[in-house]
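What follows is a short report on a single structure.
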Amino acid sequence: MTKNQEDYIKLIHELYLKHGKVTNKMISEHFNIKASSVSEMLRKLKKEGFIDVVDNEIFLTQEGLVLSKDLISKHRLWEFFLVKHLGFSWQEVHEQAELLEHATTPLLKERLNEFLSHPKTCPHGAIIYENANEITYVALSSKSIKEKLTIVAVSDEEEILDFMDQQDLHLQDTLEIIDINRNEDIYIIVTKGKEIQVPTSIARLIYVES
Ligand SMILES: [Zn+2]
């Protein structure tokens, strides 16, 4: 299995979680390559039993899903390691982990997991499959006024992480939505005695306990 094939499997998994379906077009747009190149790779992955294609929609097979979860766990373990032991910030780790996940053997993964004492989540709050059960969380933007909430995860995107840092927001912080301004598309929250205006685009990518 090449790095490129692994990236396809992971992308198919991620696109499915985000959009509920995956098409050739979505993949070619993501990688910014021709649809014909995507088709060629998909043929290979299908032949090797990692994906199925039904009515132009792409699905991971059981085997594909196992592989994808394995890669994602490696990715998240490395992120945890880099933040905890090498002083990386949570903005910096994604890129490093993208590289390291492909070079991690099963033995290295196991030792790394042991060394880190089996962390349940990555620094962004996403679960590490071997160590935790699926956590159900929902976007802050799906909640209503007056609810008391705990931040449990954030999307691994620069814009969100920068916002969290600027506003001194962290995982496990509790907050309350005190107003939702639909005209200006802003959620007004209070946390640690401070009022913060959260644009809806960001509230969609901050996750709280459901
Ligand atoms: Zn992460």
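Just so you know, these numbers use all the heavy atoms, side chains as well, and skip hydrogens, waters and symmetry mates. Atoms within a ligand are numbered from 1 in the order they appear, just like the ligands themselves.
- Of all the N, O or S atoms in Glu79, the one closest to the Zn ion (ligand 1) is OE1.
- Put simply, the side chain of Glu101 does not reach to within 4.5 Å of the side chain of Arg76, judged on heavy atoms.
- Taking 2.8 Å as the criterion, His124 counts as a coordinating residue of the Zn ion (ligand 1), since one of its N, O or S atoms falls below it.
- For Lys192, the NZ atom is densely surrounded, since the number of other residues' heavy atoms within 6.0 Å is greater than 12.
- Taking 2.8 Å as the criterion, Asp156 does not count as a coordinating residue of the Zn ion (ligand 1), since none of its N, O or S atoms falls below it.
- Lys25 pairs by the salt bridge (charged side-chain N to carboxylate O under 4.0 Å, His left out) definition with Glu29, not counting sequence neighbours.
- At a cut-off of 3.5 Å, with distance as the only test, no side-chain donor of His30 or Asn32 sits close to an acceptor on the other residue.
- Note on His94: not counted as a metal contact of the Zn ion (ligand 1), no N/O/S atom lying under 2.8 Å.
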